[in-house]
Amino acid sequence: MEMLEEIQKLKDEATSALGTLKSTDDAENFRLRYLSRKGALAQLFEKLKEVPKENKPALGKSLNELRTFLENEFETSRNNLGSKSPTSDGSLDLSIPGRKRYTGRKHPLTQTADEIKRIFTNIGFGIADGPEIEDDYHNFEALNFPPDHPARDMQDTFFVKSEEGKYVLRTHTSGVQIRVMENNKPPVRVMMPGRVYRNEAISARSYCLFHQVEGLYVDKNVSLAELKGTIAYFAKEFFNEEAKLRFRPSYFPFTEPSAEVDVNCFICGGKGCKICKYSGWLEIMGCGMVDPNVFKAVKYDENEVSGYAFGMGIERLALLRYGIDDIRLFFENDLRFLNQF
Ligand code: DAH
């Protein structure tokens, strides 16, 4: 190729390369490729030594012009690069500390409810729910509460004013048992989580609303031994493998016999501490065999089927599990508290 053509070609190539420079790295690559001591321009100067003597002055002049041209153009491009960079025009200050992004998470009560649901759905329980504004029939009557039972007392129940009938804010999730059995033939095996309300003085131990999970299993030949086995499985899954249980006889209108379940205090190992009130035991739920009167109310044949039911407070289980001593913390939504879960 003629030397003159080569000079023109290099000029065209380098000029279009200059137009694509975007970073200081690009600029440095350009410099190495075209302007450095071993670059394309230097190579042409090298070639100049071999051209016939008479052509040297003209070609030398062209090459020198090209060098000046490229060096100037390169300088301008590189400076423009600098002024376009956000760090040099002040729009980006790399010394400002970054902004931390916080990830959201589930409320500890939701986490606890999810865990309880997981444990029971693993052994075949389904999930059901019911209304928070409940009629007297489902909250009390069908559950075998006599009309004068103290739990209906103004102390505990929030009554709802209604022209259409007697309504309450449900005081427990047990009413969902009735709804499930009304709508399904046996066998039934369900967990019923939800929010409940009690008209109690607010303190570290009680709040005007809280959450429960109800469990119900009805089938032919369901026994108390199965109830105990299921609760023992739950306690091992939820607390730990070594969880020991104690069933204390108790009373609920909708179960017969009834019991309250204690787990050995895993905080002090049974020696006695503030959380277990120095008894070595922590109460975790109420339970029992479904009372025949409940089966009558939902038109199940009490001679054909039997069943067990249990109910636990989610706040209580969360308090025990995390060693929290004030139930109000769950409702204040203080991020310093919530961030710990
Ligand atoms: N509903 C009871 C309460 O609120 C808890 C309970 C006890 C539920 C025994 C049950 C049960 O299903 O069998 O205190």
Side-chain angles (χ1 to χ4, degrees), residues 113 116-117 120 125-132 134 136-146 149-153 155-158 168-182 188-200 205-219 222-231 234-235 245-263 282-295 297-298 300 302 305-317 319 327:
I116 297 168
K117 284 191 264 180
F120 284 102
F125 280 76
I127 306 281
D129 62 10
E132 289 180 26
E134 185 58 287
D136 182 273
Y137 178 76
H138 288 92
N139 197 75
F140 294 126
E141 201 180 320
L143 287 165
N144 197 34
F145 279 83
H149 194 279
R152 293 176 177 224
D153 199 294
Q155 300 287 73
D156 294 314
T157 309
F158 285 114
V168 298
L169 293 185
R170 67 178 176 194
T171 57
H172 53 185
T173 43
S174 301
V176 190
Q177 288 185 29
I178 302 297
R179 292 184 175 275
V180 167
M181 288 189 279
E182 280 172 342
V188 293
R189 185 156 47 182
V190 281
M191 299 303 292
M192 297 152 275
R195 181 177 283 191
V196 303
Y197 302 82
R198 300 245 177 120
N199 192 1
E200 287 177 86
R205 316 213 100 228
S206 62
Y207 200 67
C208 51
L209 61 92
F210 59 99
H211 300 79
Q212 291 186 330
V213 186
E214 193 84 14
L216 175 70
Y217 177 38
V218 181
D219 202 347
V222 176
S223 69
L224 185 68
E226 280 169 87
L227 168 61
K228 290 184 79 172
T230 305
I231 304 296
F234 166 74
L245 293 179
R246 181 170 84 167
F247 285 71
R248 267 183 298 108
S250 184
Y251 173 78
F252 299 101
F254 38 91
T255 43
E256 182 59 36
S258 304
E260 280 171 298
V261 183
D262 300 336
V263 63
L282 303 162
E283 185 198 318
I284 57 166
M285 68 175 83
C287 65
M289 301 305 290
V290 178
D291 192 287
N293 286 338
V294 172
F295 285 141
V298 297
Y300 276 16
E302 81 263 29
V305 293
S306 56
Y308 62 71
F310 54 89
M312 47 195 148
I314 299 179
E315 280 76 359
R316 178 153 179 84
L317 289 175
L319 290 174
I327 193 172

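These numbers were taken from a predicted model, which means no experiment stands behind them. In listed order, ligands and their atoms are each counted from 1.
Applying the 4.0 Å criterion to heavy atoms of Gly288 picks out, from ligand 1, the atoms 13 (O). Atoms of ligand 1 found under 4.0 Å from any heavy atom of Thr255, numbered from 1 in the order shown, are 13 (O). The atoms of ligand 1 that sit less than 4.0 Å from any heavy atom of Ser174 are 1 (N), 8 (C). The ligand atoms of ligand 1 that sit less than 4.0 angstrom from a heavy atom of Gly286 are 7 (C), 9 (C), 11 (C). Atoms of ligand 1 found under 4.0 Å from any heavy atom of Gln177 (numbered from 1 in listed order, with element): 12 (O).
Residue Met285 places every heavy atom at 4.0 Å or more from ligand 1. Ligand 1 lies within reach of Arg198, whose nearest heavy atom is under 4.0 Å from it. Distances from ligand 1 to the non-hydrogen atoms of Tyr308 include no value under 4.0 Å.
Taking atom 2 (C) of ligand 1 as the reference point, the nearest protein heavy-atom neighbour is Phe254 CZ, 3.9 Å. Looking from atom 10 (C) of ligand 1 to the surrounding protein, the closest heavy atom is Glu214 OE2, 3.3 Å.
Taken to the nearest 0.5 Å, the CE atom of Met285 stands 4.0 Å off from the CD1 atom of Ile231.
Between Ala309 and ligand 1, a contact under 3.5 Å exists for at least one N or O pair.
For Phe234 and Phe125, the gap between ring centers reaches or exceeds 6.0 Å. Taking the six-membered ring wherever Trp is involved, the centroid distance between the rings of Phe254 and His172 falls below 6.0 Å.
Remark: the Tyr308 side chain and the Glu226 side chain contain no N/O donor-acceptor pair separated by less than 3.5 Å.
The shortest distance between side-chain heavy atoms of Tyr217 and Thr230 does not fall below 4.5 Å. Looking at Asp262 and Glu283, their side chains come closer than 4.5 Å, going by heavy atoms from C-beta outward.
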Exercise. Apply side chain to side chain contact (heavy atoms under 4.5 Å, CB included) to the pair Phe247 and Leu224, showing each step before the final yes or no.
Key: CA-CA 11 Å; Phe247 285 71; Leu224 185 68; over 6 Å; no

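Of the heavy atoms in Gln212, only side-chain atoms (C-beta onward) come closer than 4.0 Å to ligand 1.
Electrostatic pairing of Arg205 and Glu200 does not count as a salt bridge here, judged by no charged N lying under 4.0 Å from a carboxylate O.
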